[in-house]
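Working notes for the structure below.
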Amino acid sequence: MTSRRARVGVAMVFQSYGLYPHLTVANNIAFPLRTQGTPRPEIKRKVDWAAGLLGIDRLLQPAAPASFREASASVWRWPARSCEIHRCFLLDEPLSNLDAKLRASARSELKQFQQKVGTTTIYVTHDQVEAMGMGDRIAVIDHGKLRQVGTPSEIYDHPADDFVASFLGTPPMNLVEQNGGLLGFRPEHFLPREMLDGAALSELPFRIDRMEYLGSERILYGALDGFQAKREVTAKLPAHVPLSGIRAGEWHKFAVRKLSCAISTGTVGVP
């Protein structure tokens, strides 16, 4: 006979809501507990516990807004299934169907919940912001191939290859070919020459084709003189930095620190 410990090990949240429309939020959350034969008083206790832990008590009311009901009943169904008997939680893009504002608040709640229960959680996402903001460790996978595993700072600052380097970061890392290898530098480290002090600099003439003002920052797009880039080269400047004399359609002196760049065949040098 299979023991309870052997049968139960992973709790999963699917990408789709997977809700029963004829049930209330409370009953949707309670459904997995009922399938396990949990006593009725215990079900209510665990549903109330899960809702209270995450501050969504109000969503147990039938009058709660539909979008919140759907999101919460789907994502928070799994904590009610008794964290004590699960060794791992698996979440398959649980927030992908939410709007940006709700997704941001749900990320915060998920992170706080995981820290409270202390259970290993595998979170699958295509959103690099979610991966960087929520993950203690990130595994970057490309078509089933594991490219790199590490902390967010390790992945961002020391990518294992050009795929990882170009996957994380908005805009992604600049990659240019030089001497049979790749020269890599982040847009935020590619600045006007006068903004960088010291002599240990690599000057790169930069032709600015267009500029975007995004409130807190400006993104400059263009090309380098004498380099073949894998894509359009970008620079990211804080919005408060004055752009006196910098105009689209002209060449300007930009630079990166020499110690921030490395050249090697098949790999990427990272600031």
Practice problem: Show your reasoning for whether side chain to side chain contact (heavy atoms under 4.5 Å, CB included) applies to Q148 and I155. | Solution: CA-CA 7 Å; Q148 187 174 358; I155 297 290; 3.4 Å; yes
State whether the side chain of [X] and the backbone N or O of [Y] hold a donor-acceptor pair below 3.5 Å, judged by distance alone.
| X | Y | answer |
| --- | --- | --- |
| H252 | R247 | yes |
| S166 | V164 | no |
| E217 | L237 | no |
| R218 | A239 | yes |
| R186 | Y156 | yes |

Check whether any side-chain heavy atom of [X] lies under 4.5 Å from a side-chain heavy atom of [Y], and answer yes or no.
| X | Y | answer |
| --- | --- | --- |
| I219 | P187 | no |
| I141 | R147 | no |
| E232 | R210 | yes |
| R137 | V149 | yes |
| K46 | I43 | no |
| K44 | V47 | no |
| E250 | I208 | no |
| P159 | M173 | yes |

Exercise: identify the closest heavy-atom pair between [X] and [Y]:
| X | Y | result |
| --- | --- | --- |
| A235 | F206 | CB-CE2, 4.2 Å |
| D209 | A248 | O-CB, 3.7 Å |
| G169 | Q128 | N-OE1, 2.5 Å |
| G135 | P152 | O-CG, 3.3 Å |

Self-check item: side-chain contact (heavy atoms from CB on, under 4.5 Å), paired with V233, selected from L220, L204, N174, L175
Solution: N174
Nearest 0.5 angstrom please: [X] [atom1] to [Y] [atom2], how far?
| X | Y | atom1 | atom2 | answer |
| --- | --- | --- | --- | --- |
| L33 | R45 | CG | CZ | 10.0 Å |
| L183 | L224 | CG | CG | 8.5 Å |
| K236 | H189 | NZ | NE2 | 10.0 Å |
| M132 | D127 | CE | CG | 11.5 Å |
| I122 | L91 | CD1 | CG | 10.0 Å |

Quiz item: Between R193 and E203, does at least one N-O distance fall below 4.0 Å, as a salt bridge requires?
Solution: yes
Quiz item: Taking the six-membered ring for Trp, are F163 and F167 parallel (under 30°), tilted (30 to 60°) or perpendicular (over 60°)?
Solution: parallel
Quiz item: Step by step, would you call K111 with D136 a salt bridge (charged side-chain N to carboxylate O under 4.0 Å, His left out)?
Solution: CA-CA 10 Å; K111 184 65 176 180; D136 299 305; 3.3 Å; yes
Kindly work out whether a path of hydrophobic side-chain contacts (I/L/V/M/F/W/Y, heavy atoms less than 4.5 Å apart) joins [X] to [Y].
| X | Y | value |
| --- | --- | --- |
| V129 | V124 | no |
| M195 | F185 | yes |
| V256 | W251 | no |

Quiz prompt | Stacked cation flag R107 on Y123, 6.0 angstrom / 45 deg | solution = no
Practice problem: Step by step, work out the side chain to side chain donor-acceptor pair (under 3.5 Å) result for E212 and Y221. | Solution: CA-CA 8 Å; E212 293 180 350; Y221 300 85; 3.1 Å; yes
